Structure formats: structure tokens, C-alpha cells
*Asks:* 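First the structure, which I've put down as C-alpha cells, then a few questions once you've had a look.
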Amino acid sequence: GTVTDKANAMPLPGVNVIVKGTSRGTSTDFDGNYTLELSDGETVVVSYLGYTTQEIIYSGQSRLDVALVEDAAQLDEVILIGYGTTTVKDATGSVESVTAKDFTRGNIVTPENLLAGRVAGVNITSDGGRPGASGTIRIRGGSSINASNDPLIVIDGLPISNDNVNGSRGILSTINPNDIESFSILKDASATAIYGSRAANGVIIIVTKKGRDSFSADIDTQFSFGENFNEIDVFSGDEFRDLVNSQPINGTTLDTSLLGTENTDWQDEIFRNTVSAIHNITLRGSLFNALPTRFSFGTTRQEGALITSLNERRNLSLSLNPSLFDDHLKINVNANMAFEDNRFANAGEIGAALRYDPTQPVMDGNPDFGGFYQHVDANGLVQNGTTNPVYNLVFRDDLGDVNRVFGNINLDYNFHFLPELRAVLNLGYDRSESRTSIEARFATQDNVSRESSSAFQERTNESLDGFLTYTRDLGDFGFDVTGGYSYQRFANSGSFTGNILDPQAVGDNFADPDVVLIGFFGRANLSLYDKYRLTLNYRRDGTSRFSEENQWGDFWSVAGAWQISDEDFLKDSNTISNLKLRASYGLTGQQDIGARDIFLRRLRRGRPDSVFQFGNVPIQTLLPSALNPDLKWEETSTLEFGIDYGLFNNRISGTLGVFLRTTDDLLFDAPVADGSNFTNNIVQNIGSLETRGLEFSIDASVVNNDNVNWNLNFNATFLDREITQLAFGQDVTTGGIGGGTGNFIQIQREGEAPNSFYVFKQLYDANGSPIEGAYADLNGDNIINDEDRYVKENPYPNTTLGFQSNLNYKNFDFSFNLRASLGGYIYNNVNSSRAQYELLQDNAVLGNIPTSVLQTNFQRTSDVIISDLYIENASFLRMDNITLGYTFKDISSVLKSLRIWAGVQNAFIITDYSGLDPEVSLSGGSPGVDNTIFPRQRNFLVGANFKF
Amino acid sequence: CTDDLNIIPNDEDTLLADEAFANEAAYKQLLAGVYANLALTGTDGAGSSNIQGLDAGTSQFGRVLLYLQTLSADQMIWSYENDPGTREIQRNIWTAQNPLILGMFSRSHATIAFANNFLNETTDEKLDSRNVSAGVRAQIVNYRAEARLLRAMSYYYMMDLFGKANFVTETSGINVVPPVIERPELFTFIEEELLAIENDLIDANQNEYGRVDKGVAWMILAKMYLNSEVYIGAPNYDKCLEYCNKILTSSYTLATDYKHNFMADNNTNSATNEIIFPIVSDGATTQNFGPTTVMINGSVGSLEVNGQEVGVTQGGWGGALRVRKQFADLFGGGLFSNDDRNTLITANRPIDITDISDRDTGYIIQKYSNATSTGGFGIDLTFVDTDFPLFRLADVHLMYAEAHLRGGGGTLATAVDLVNDLRTRANNPNLISAGDLTLDFILDERSRELHWEAHRRQDLIRFNRYTGGNYNWAWKGNGSNGISIPAHFDLYPIPNLSLSSNPNLTQNPGY
């Protein structure tokens with residue numbers, strides 16, 4: 001007979017086929033075929049890792065074909081962890097594995113989006129709809145304030161850098177999602193401590209697809225069609241004429257002769273419907289009948305909603321996976337090349353489109369500006385004010401050309417004379433180089449009205465890991481121990497020319513100090529009666545970011561698990577098929593800050609435009625740089641309790657976890673006594689942050705029979721973050737906003753969430769309308785000044801929910817993903833800095849403003865910009881995607897199957913937020929500040945998947 | 001190979017000390033770094049800053065000084081009140097959270113730290129160990145005196161604006177919380193330092209342009225003595241007059257044209273003999289958002305769009321700066337219609353500013369310019385070439401007259417002549433006679449001569465016209481016609497961040 005995967009009719013090699021109650025059995029070959037002699041009435045057990053085991057009673061057939069169904073919650077499913085593997089059953093930590101069948105679908109251009117809404121505690125947000133841009137990944141909200149909150153990402157054993165090169169759309173944007181086999185997400189200290197130094201924000205292990213012995217080929221192709229479905233309401237040309245003629249600015253008379261006769265919707269002019277395409281070809285098979293190999297080639301072309309914006313990428317991936325010496329030595333070689341070509345459109349032009357006079361045409365034939373309209377005076381000189389956003393986009397060619405090569409060689413050797421001992425050596429290399437250039441023309445009065453500049457950047461990341469694992473099973477007692485060494489070096493350098501058409505502009509070469517990380521690690525897993533488990537982790541890590549005295553840190557964790565369902569009183573339960581209690585506590589570290597050599601006494605030369613003059617001759621300056629020789633590791637401890645459960649033969653399964661995470665010695669930018677350093681603010685180890693969280697997930701196989709297979713997944717995360725200590729108890733202002741130079745809207749304050757909004761309390765008149773510039777005198781001193789500002793809400797959601805449904809009915813498949821974010825708030829900087837009547841005067845010209853001004857009738861930006869009126873609830877429910885597919889099976893001997901599908905991405909969003917999109921960036925210096933977003937489009941997708 | 005953890009900088013512009021001082025030219029470059037902190041905000045362009053807590057460009061020393069000494073008084077209005085801190089400064093409603101006040105406190109202390117670092121790198125011990133040549137060592141004697149002068153000058157401004165400072169010298173350790181000294185100790189320290197270095201400084205008006213010399217030390221002493229009653233409650237007008245005389249008898253001369261002091265070539269035209277110490281600015285090599293860049297771009301009118309005349313973009317910054325009524329009135333009455341110092345532009349503008357954001361109201365002036373005295377323009381349309389005249393001889397003329405009137409000695413005839421020298425230079429035929437020379441006259445004449453040069457708050461305090469209700473100007477105390485403000489506003493509050501990082505600092509009374 002032949003054993004196949006029920007989902008796609010592909011043959012399954014290596015499946016165990018055993019006669020029940022005997023030692024007779026075999027396994028399937030590369031094509032899924034097996035041969036076995038049987039007698040009537042014998043029971044055949046067909047089992048394969050990750051699939052539901054089937055038992056079939058033999059009744060004389062000549063063939064016995066079996067189609068195995070993948071099991072979502074197999075307890076013996078292998079999960080990758082740091083420097084090793086475990087199984088669902090054996091795991092003592094909070095580890096979640098997401099494999100291809102669970103990936104979020106849709107127009108997935110970068111890998112992290114495969115996880116969107118899929119895992120409790122993992123939040124993925126983009127800062128808008130830029131084509132090809134990587135999202136920001138936060139596991140449990142992040143453990144730091146000023147240091148990095150990015151998780152460690154490990155691809156096939158190569159820990160990658162969280163910094164990308166200029167000209168690229170992000171660190172993951174060069175990686176082809178099609179090449180990814182699975183993710184493991186490590187969340188608690190038990191799981192992450194083995195990665196010590198970089199693990200405080202969790203770890204994501206990415207495994208790419210590998211070669212197989214049997215030949216197969218896949219062709220994937222998809223097209224998506226995007227459209228904008230929302231815009232910021234500003235006045236139309238006719239409305240604008242009426243408004244300007246009504247002279248709504250107190251004390252200022254607008255020059256109505258500046259009004260034109262057109263009705264231009266500038267947002268329509270800068271945005272477009274888009275077409276994108278993704279194509280992948282994958283070949284798997286055995287080279288020379290000995291070398292399992294996978295090769296893939298993918299292309300992606302994505303247009304941005306903003307005209308001229310484009311992302312193109314080509315990926316080549318090769319994986320060689322030979323085994324030698326009777327499988328004693330397994331070799332995995334992964335080599336990836338990515339070529340990314342971007343044209344960036346300046347998102348600042350979105351603001352210009354909101355602002356530009358709607359009574360003017362896009363083009364008027366002015367030869368000075370390529371036929372585009374500009375506000376010019378009688379002499380043809382550009383007038384002070386916003387310039388034509390379409391012109392600015394069309395005449396700005398901002399290109400990024402990124403080439404990335406990354407890969408690793410992994411040698412995994414099981415000792416011949418001592419099979420319990422295994423040695424693994426992993427060598428990794430990652431190099432990105434980018435060439436960026438800008439050719440632009442501006443409509444300006446400045447004497448430099450063109451830009452021509454280029455830049456080069458190169459980042460490399462070299463790594464070496466080696467470890468030994470000794471595994472022993474002594475009946476009731478089993479253990480394994482692992483010990484190893486890890487070395488990693490990151491380098492970054494480059495150059496830029498400055499605007500070569502501007503004689504005053506300067507170029508420069510730059511080179512960051514290298515970052516070197518070295519670690520020694522060990523782990524012991526102990527198990528007793530296969531029911532009680534203990535895991536101990538230890539890692540000693542060194543970083544080049546700190547001085548010799550402080551560069552080493554010790555990190556560790558201890559975790560235990562109790563498999564209650566294997567106890568006698570539950571073993572035979574028909575209801576509870578799996579019940580495991582977990583507890584863990586551990587310490588991880590953080591050193592990922594911008595500063596790389598702040599412990600060294602350095603002198604910095606002034607750039608050629610930043611030198612001094614003695615006797616009217618430029619003289620090079622030398623300035624000592626900020627210095628902190630005492631910097632040391634930020635430390636995060638996590639205490640976690642978890643329950644893994646499975647009901648009804650694991651048709652329902654999931655996890656419930658609670659944790660308390662405390663970060664101490666925060667690497668925090670804090671004031672230093674004036675005069676005692678060469679700055680007033682340096683990164684120091686001061687402050688504490690506490691996160692309390694609860695995570696819950698449930699997977700349910702609602703229906704599972706020959707015709708219908710319906711799986712549901714729901715996950716929920718509740719997070720509460722609070723700053724418990726700051727330097728000297730002092731508030732730190734943060735969160736820069738548009739409107740004014742250097743304004744801020746957020747504060748770091750003890751007892752509050754990070755980046756809490758810090759605003760004036762708006763007063764309202766009897767009709768409930770806000771009174772312009774009238775704020776509550778909160779400290780009662782009869783003066784309204786900065787001391788009357790108060791904390792109102794924060795940008796981070798306290799609840800995030802994800803819900804997936806996957807339904808297969810015969811050859812149809814239907815799935816959708818819903819995602820909700822509740823309790824976060826947003827500062828509507830679009831309204832706060834734009835919706836005031838005085839802005840109808842845009843320097844020498846007229847400028848448009850949002851129609852929300854009609855609700856407030858505010859006159860002056862400076863009187864209202866810090867009002868709590870602009871803090872809005874950012875809760876939302878988003879239908880990330882809906883997909884419907886149909887699979888044609890066994891079409892011919894060559895084409896095994898064909899799936900065609902269609903879907904809608906970003907189908908709808910439900911929110912009270914008055915702006916364009918409540919999901920704004922929650923990273924960077926101004927999280928939760930909406931200052932015009934690059935719109936996320938609604939995409940309609942069609943695709944086909946051919947399997948040969 | 002754990003030794004790999006001990007990295008060194010890779011950037012060609014970042015040097016370790018040993019590497020840097022292998023080249024003897026580094027000592028002058030390190031001194032230039034101390035000076036540069038007055039003109040630049042960082043090492044990597046006008047948007048970079050070595051202090052934080054406020055906008056990089058805004059944190060330039062001369063700019064925050066201008067805000068604290070001029071914008072906080074009766075001569076200037078900033079239209080864009082959404083620029084943080086400006087509203088509170090110009091309406092006299094500031095708090096310890098104000099970023100501009102932080103900028104002044106932190107920027108000045110950074111100069112102190114840079115000066116201390118220079119002194120530490122040029123000890124005899126270090127110079128011996130590096131085998132520095134005799135020729136360079138001889139120059140280092142001057143350099144060290146200049147570093148100490150710049151440090152003393154920073155303490156002078158701290159004494160004037162805050163009444164106290166973190167006391168950090170070359171013997172203080174890095175990141176060590178320093179002691180705090182207040183006005184009496186500051187006064188003594190500055191005085192002793194300036195006297196101690198006098199012999200090591202180059203003679204007045206003899207150093208390279210842009211560097212300090214004896215004239216600058218005398219100038220600071222003269223100003224300290226003039227304001228001595230404010231600082232330490234005891235008069236020192238005789239000493240003020242003594243140091244004014246030292247300056248007046250040196251080789252300084254008034255520029256041939258008042259406007260030369262404020263033009264793009266004030267580093268080469270006749271103003272070089274009047275300017276005692278400039279904050280250097282250059283559109284190519286020393287780009288900054290300092291006081292001259294701000295005042296030249298900012299004083300382009302919203303109605304006049306007169307940027308081209310002063311060598312910046314036509315619209316400039318759209319009318320960011322205007323003057324208050326009380327200042328404009330000083331040029332009223334017909335006596336000053338043709339006075340060169342009167343650069344008011346009044347056409348189509350009401351004198352009153354009832355709404356600060358209405359850039360069409362209130363007069364504007366055209367004092368500073370990025371044009372040269374020979375008809376050319378500065379090299380850049382935003383970053384001006386015009387140096388900021390922090391100290392200049394005309395101020396000494398008026399200080400002499402004031403010190404004389406306040407009993408510091410000298411002669412009335414000299415005082416009158418010195419005042420009339422300024423009027424004559426300004427082509428104003430209305431000279432004063434001995435009977436006209438009163439303290440009130442001097443306060444007004446100082447404003448006519450020295451407006452927008454970061455002296456006004458100090459002058460008004462010395463004349464007891466700043467806080468209280470003796471003199472109310474438009475928007476003082478947040479009233480459009482001006483209201484009294486409490487006496488504690490004679491000092492600025494210690495910025496919250498600075499206060500928090502030094503437990504030895506205490507907040508000024510009233511805040």
C-alpha cells in the first residue's frame with residue numbers, strides 16, 4: 001500500500017507500519033510505499049510523527065492505502081528549543097510551535113506576518129502599509145524601556161541582528177516566507193535562559209524547509225489587488241472656498257484672491273490601487289540519489305499605496321541535507337540570497353496632501369516644474385508654504401538596492417562509540433550590503449533645489465556555536481545534559497556622499513564599533529517516571545558593550561513540570577487526555593542599546609560642517625564623548641506558572657499561563673549631574689519595569705471526519721506594564737509629536753505604564769463643546785503651566801485576542817483570522833496639529849485642514865496641541881484575512897494536486913477611533929502617536945499552488 | 001577567545017586619547033572643541049547635540065541665552081508658541097520643566113566639563129609623558145588660560161541666571177555628584193580665576209579672531225562688578241569702571257558703521273575691532289541654529305517677505321520674530337528716525353500685539369543680516385555667516401557711563417562723550433548733554449544700542465524693573481498689556497532634570 005498525507009495527497013516517507021501485538025513491521029519508502037505480509041484479522045498500526053495514528057483491521061485486500069491526518073496537538077510533536085529539541089510533552093517552559101499548516105494566510109510578504117494573531121503573547125504590528133516592510137514583533141510587550149524590545153530571532157541556528165541596513169524595509173524583509181517550515185516561540189525564562197544575553201524579550205526560532213529524498217516540485221503563485229478604503233476628511237475645493245470666504249480666523253484676513261477654481265482631492269492624487277504578485281518555485285529531491293536537497297526561487301513585487309512606492313525582491317534558497325556514516329553525521333547546509341530593490345516614497349507627502357490647497361490643479365503646464373502646479377508669485381518664484389505633493393513624489397527617486405547573503409553549516413554528529421553523546425557545530429554568516437541613492441527636485445526658494453546623493457552600507461554577522469549533548473535513559477529516570485560555547489560578532493560600516501549638488505553639504509564614512517557576544521552555556525533535563533521533569537539552565541555571557549569589569553553576566557533558570565494526566569487517577573480519564581503543570585523562574589539579560597563603546601574615553605572629530613573657526617580659518621574640533629564606564633547588564637527575571645491541557649483525546653487543547661516579569665537595572669537614558677560628564681544625559685542602569693501577564697489559548701478540532709475537518713484557535717493575552725522605579729524618581733518626557741519644534745506628549749513616570757500620555761485636561765462649555773485653550777488648573781495655583789499636565793492612558797493594549805478558523809470540506813478549504821486589540825490609546829496628532837483655523841494660512845499661501853475642525857472650532861494650534869481631547873481609544877477588531885480554496889487532487893501522474901484560492905486581506909476593521917487606522921506603530925520614540933499613517937490597503941487575492 | 005570582547009572604535013572620526021594626542025595639533029583642536037560648544041550643538045551637523053532634553057538646534061548656547069535674556073523681557077516676541085518653552089519664557093510663566101532653561105543650564109555645564117577635560121589633558125605630567133615639543137607647550141599656556149576663561153564665563157552666566165551652579169573643576173571625577181556653590185562663592189571663584197589667568201592670556205584684541213584674550217576677561221569682570229549689587233549685595237562700580245577703562249584704552253575701536261556688527265562679514269569688516277568676543281557662525285563650516293540664524297530668518301516679515309534683502313530665503317521663517325510695543329516706543333518721538341540703530345519696519349503693521357500668533361501685528365526689525373558690508377551675501381540661505389557679538393565695545397561705552405553715574409568714578413564728560421560716540425556712529429545728530437545723562441536714559445539707550453544681544457533681562461534686573469510692577473511690558477506675566485510678576489522670577493528655576501541628577505542642588509525659592 002501507500003501512505004499519504006490526507007491534506008494534500010503527498011506520499012509520506014518513513015511512516016511506521018507495524019502489526020499490532022507483534023514485532024513485525026516496516027516503514028514506507030521515499031514514495032510512501034510499503035510491503036508487509038499479513039493475515040486476516042490482524043491489526044495494522046500506521047503511525048507517523050505529527051499525525052494521528054491509525055489502526056486498520058486487515059481483511060484480505062491486496063493493497064492497504066492509508067491517508068494520515070495531521071494532528072494539531074500531538075504530544076510527541078518535536079519542538080525546537082535553544083541548542084536542542086524537545087517535545088510538547090517534555091517541555092517544561094513556555095514554548096509554542098507554529099508550523100506551516102497554522103500559518104496566517106494572505107498577502108504575506110515578510111515572515112513575521114505568518115504569526116500575526118496566532119500566538120498568545122506575541123504581537124506583530126507594522127507602522128502602516130509600506131510595501132514589504134517588516135513589522136515590529138513584541139513578545140509580552142517587551143521588557144525594556146530604552147534598550148531593545150525586539151526578540152532574538154534565530155534562523156536555522158544563526159542568531160540574526162535586529163538592525164537592518166538603510167535601503168531595506170526591515171530585518172526580515174529579505175527572508176522569503178515560503179521557505180519557512182516552522183517557528184518556535186520561546187517565552188518564559190526556562191525556555192529562553194539558554195540564550196541568556198539576548199533573550200529577555202523572548203526568542204523566535206525559525207526553521208527553514210529542508211531537502212527530502214523523494215522528488216517533489218511546487219509552484220506557488222498569487223496576485224493581490226489593493227485599494228484604499230478610508231481617508232482623512234479634509235475640505236473639498238468647494239467647501240474650502242466657502243470656508244476661506246467666511247474668514248474664520250480671528251484677527252487675520254485670508255487673501256481670497258489666492259483661491260483657485262479646481263476641486264482636487266490630493267489624497268486621491270497621491271494614493272493608488274495597487275497590484276502585487278508573489279511567485280515561488282520549490283524543488284525537492286535527492287541529488288545523485290544521496291544528497292537530499294531543496295532549492296527554491298521566489299519573486300515578490302509589491303506596489304505601495306503611495307504613488308512611486310515599490311518593493312521588489314528575489315530570493316534564492318538552497319538547502320543540502322546529507323547524512324553520513326549510517327546517519328551518525330547529519331549535515332545541513334543552508335544558503336540564502338536575497339536581492340531587494342526598493343523605491344521609497346516620502347510618507348511626509350501624505351501630510352502635504354492633507355494640507356495642499358484643494359482649489360488648485362495637479363498640473364497647470366508650468367514648465368519650471370515639469371508641468372505641475374506650484375504656488376508661485378508674479379516673478380515665478382515659489383511661495384513660502386507647502387509644495388505640490390504629487391510633484392514631490394514624482395520627482396524624488398529614492399532607491400534602495402540591498403543584497404543579502406546568509407546561511408549556515410550545521411554538523412550534528414552522534415558518536416559511534418558512545419551513541420548517547422552528540423556533538424553539534426554550527427557556523428553562520430549573514431552579510432547585507434546596500435546601495436541607496438536619492439535623485440530629487442524640490443520646489444523651493446533655496447539656492448539648492450535638487451538633491452543627488454548616494455550611500456553605501458554593509459552589515460555582517462558571524463557566528464559560531466558548538467555544543468555537546470549527553471542523553472541517558474535509565475528506566476524510570478532519564479536525563480540529558482548539554483554544554484556549549486557561542487561566539488558572535490556584528491559589524492556595521494558605510495559611507496554617504498551628502499547632496500553633491502549642495503556645496504555646503506558634506507559626506508562621511510562611518511564605522512560602528514563591532515559588537516562581540518560570547519557565551520558559555522549548559523542545560524540539564526531530568527525526568528522521573530516520565531511524569532516529573534526538571535530543567536536547569538545556565539549561561540555566562542560576555543558583551544563588548546561594557547567595560548572589562550562589567551562585561552560578564554550570569555543567567556540561569558530552573559523549571560519543573562508535572563504530567564498529572566499520567567498519574568494513576570487520571571491516566572484512564574476519557575475527558576482529560578493531557579494535563580501538565582509547569583512552573584519556572586529565571587534570569588535573562590539585556591545589553592542591546594545604541595551605545596557600543598560608551599565605556600571608552602573617546603574623542604570625536606567634528607564633521608566638516610561642524611568645525612570651529614580661529615582667525616577665520618576652519619579648525620578641526622575634538623570633543624570628548626559621553627562616558628559611562630560603569631554600565632552593566634540589564635536583568636530580567638520571570639516567574640511563570642502554566643497549565644497545558646488536552647481534552648477528549650486532545651481534540652481540545654491549549655495552555656493557560658500567568659507570569660510576573662521584573663526588569664531591574666534598566667538600561668535607561670537618564671540625567672547625569674551637569675558638568676560631571678560631557679553631556680547631561682547618559683545611558684545608565686537605573687530603574688525597574690514590571691509586567692504582569694496572563695496568556696490563554698485553546699485549539700479545538702471541532703469536526704474531524706472523512707469529509708469535514710474544522711479547527712479553531714483562540715488566544716488571548718492580558719498585559720499590565722508598570723514602571724516601578726526611575727532614576728531619582730524623576731519623570732522623563734518622551735514621545736515627540738508634529739506641530740512645533742521638540743514638543744512631546746508622553747512621560748515615563750513611576751507607577752505608570754511606559755510612554756503614558758501626558759496632557760492638559762480639556763474644559764468644556766455648557767453645550768459640551770471644548771473651550772479653546774481652557775484647561776483644568778489641576779494643582780490649583782491659578783496658573784496653567786506644565787505642572788497642570790496629567791497622565792491619561794497609554795498606547796499599549798491591555799488585551800489582545802486572536803481567533804482563527806480553518807475548515808476543510810472535501811476539497812474545499814475556508815479559513816479566516818480575526819484579531820482584536822483592546823485598551824490601547826492613541827494621540828491623534830493629525831487633528832491636534834492640523835485641525836485649527838489658523839492653519840488655513842499656510843505661510844504665504846492657503847492650506848487645507850481636516851474637517852474635524854468643525855467639531856471644535858479651534859483657532860490656534862499652540863493653544864490646544866497638548867489637550868487630552870486628542871487622546872482616543874485605539875481598540876479595534878480586524879479581520880486580517882479570509883481565504884477560500886479548492887484542491888484538485890490526482891490530476892495526472894505528473895501533477896499531483898492543484899489548489900486554487902482567493903481571499904481578502906484586511907477585510908474590515910471595527911473601531912471607535914476617528915482617524916485613519918487605530919493600529920499605529922507601538923515602537924520607536926513616539927509609540928501610539930498618529931501623525932499620518934502609510935495606509936494599509938484592503939487586498940483582494942487570488943492564487944494557485946501546483947504540486948508535482 | 002574572550003579577548004575579542006575588548007573592542008576599540010572603528011570610526012575614523014572617533015579616537016582614543018593616545019591615538020589623538022600622538023599628533024600635537026590635537027591640543028589646539030581640543031581647545032577648539034571647548035569653543036565649539038558655544039557655537040555648535042554637536043559634532044555631526046546642526047541637528048546633532050551633545051546634550052539632551054530639548055530640540056538639538058534649540059540647545060545652542062547663544063540661542064538659549066537669547067531666549068533667557070531677551071525673549072523673557074520687553075524686546076522680542078516669538079510667534080510660534082507651539083515650540084516648547086517659548087510661550088512660558090516670553091509670557092514669564094516658566095516652570096522648572098522648561099526645556100529652554102534646561103538647555104542653558106546643561107549647555108553651560110557642558111562647556112565647563114569640556115574645559116576641565118582640556119585642563120586634564122594638558123597637565124605637565126601628561127605633556128611630559130607625551131614628549132610635547134617646547135613650541136606647542138608654550139602655546140598650551142595660552143590655551144589653558146583660555147579654557148579657564150571659558151569655564152569662568154560659563155559660571156558667570158550660571159551666577160546671573162540661576163544664582164548657583166554645580167561646582168566642577170579639573171579635579172572632579174567623571175559622573176561624581178558635584179558640590180553646589182551659590183552667588184557669593186561663584187563671584188569669588190570667577191573673579192579669582194580671571195585674575196589668575198590674566199598674565200597667561202594674549203593681550204586684548206591681539207588673539208586670533210574667535211578666541212578669547214585679556215579683553216574678554218576684563219569684559220566679564222566689568223559686567224560682574226556692574227551687577228555686583230545684584231549678585232552679592234555690595235557695589236563694585238569703581239572696579240567696573242577700572243575694567244571698562246582697561247578695555248577703552250586697548251586697541252578696540254567702534255565699527256565704522258553700526259550695522260557692520262551684525263552682518264555676514266562681521267568677522268572681517270570694521271566690526272572686528274569692536275567685537276570683543278563673537279560666537280562664530282559660518283554657513284559652510286560652522287552650521288548651527290544659533291541666535292544669528294534664528295534672528296535673521298525669524299525677523300523676515302510675514303507681510304514684507306523681505307528675506308532676499310538679508311540673504312536668506314525670501315519668506316524666511318514667515319514672521320517668527322517681532323518686537324513688543326515698549327521697545328518700538330524707544331525709537332519714537334522723531335529723534336531716532338534716521339538713527340542707524342532704528343531698523344524698525346512699521347508699514348501696514350499695528351504696534352500692538354494682541355494675539356501672539358498673528359504675525360501681521362507688531363513691528364519687525366532688520367538688525368541682523370546675512371548680507372555683507374560689500375554688497376554680497378553669506379554662502380547659505382539658511383545657515384548664516386553672521387557671528388553673534390556676545391561682547392562688544394559699545395556696551396563698554398554704556399557701562400562706563402552707568403558706572404560713573406552709580407558712583408564708580410571717572411568723569412561725566414567722558415561718560416557723555418562715550419554715549420555720544422555711539423550716536424555719532426549711528427548717524428544720529430541728536431547728541432546728549434551732561435544733563436541728559438541719567439540712569440533711566442542709560443537703560444533706554446542700552447536697549448536702543450544693544451537690543452537682541454542677550455543683555456536685556458540682566459539690565460532690567462539691575463534697574464529693578466524686571467519683576468514686580470515697576471515696569472510692565474506687553475505680555476509680561478501673561479497679560480497682553482503686562483502685569484506684575486513675583487520677585488523670584490529674577491532667577492530662573494533649576495531645571496527638574498538637573499535637580500534630579502544632583503542631590504546637592506536645591507530649587508530656587510518660589511519655584
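The figures here come from the full heavy-atom set of this structure, side chains too, leaving out hydrogens, waters and symmetry mates. Note that the coordinates shown come from a computational prediction; the quantities given were computed from them, not determined experimentally. Chain naming here is simple, since letters A, B, ... match the order of the sequence lines and numbering starts at 1 in each.
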*Asks:* With a 4.5 angstrom heavy-atom cut-off, is it the side chain or the backbone of A:Pro608 that approaches chain B, or both, or neither?
*Replies:* backbone

*Asks:* Is it the case that A:Thr679 and B:Asn50 place a side-chain donor and acceptor less than 3.5 Å from each other?
*Replies:*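 A:Thr679 vs B:Asn50: no donor-acceptor pair found between side chains.
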
*Asks:* So for A:Thr733, is it side chain, backbone, both, or neither that comes closer than 4.5 Å to the heavy atoms of chain B?
*Replies:* neither

*Asks:* Could you tell me which portion of A:Arg860 (side chain, backbone, both or neither) has an atom closer than 4.5 angstrom to a non-hydrogen atom of chain B?
*Replies:* side chain

*Asks:* Is a side-chain donor-acceptor pair under 3.5 Å present for B:Thr95 with A:Asn785?
*Replies:*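 Their side chains do not contain a donor-acceptor pair, so the 3.5 Å distance test is not met.
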
*Asks:* Is it the backbone or the side chain of A:Leu600 that comes under 4.5 Å from a heavy atom of chain B, or both, or neither?
*Replies:*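 When you check distances to chain B, only side chain atoms of A:Leu600 fall under 4.5 Å.
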
*Asks:* Measuring heavy-atom distances to chain B, does A:Arg596 have an atom under 4.5 Å in its side chain, in its backbone, in both, or in neither?
*Replies:* backbone

*Asks:* Please give me the minimum heavy-atom distance between B:Pro9 and A:Arg602, naming the atom from each residue.
*Replies:* CG-CG, 4.0 Å

*Asks:* At a heavy-atom separation under 4.5 Å, does A:Asn628 approach chain B through its side chain, its backbone, both, or neither?
*Replies:*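 Both the backbone and the side chain of A:Asn628 come within 4.5 Å of chain B.
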
*Asks:* Are the side chains of A:Arg601 and B:Leu16 in contact, using a 4.5 Å heavy-atom criterion?
*Replies:* no

*Asks:* Where is the tightest heavy-atom contact between B:Gln52 and A:Asn681, given as atom of each residue plus distance?
*Replies:* OE1-ND2, 3.2 Å

*Asks:* In terms of side-chain geometry, is the basic nitrogen of A:Asp863 or B:Arg87 positioned less than 4.0 Å from the acidic oxygen of its partner?
*Replies:* yes

*Asks:* Between A:Asp609, A:Val516, A:Thr621, which shows the greatest number of heavy-atom pairs under 4.5 Å with chain B?
*Replies:* A:Asp609

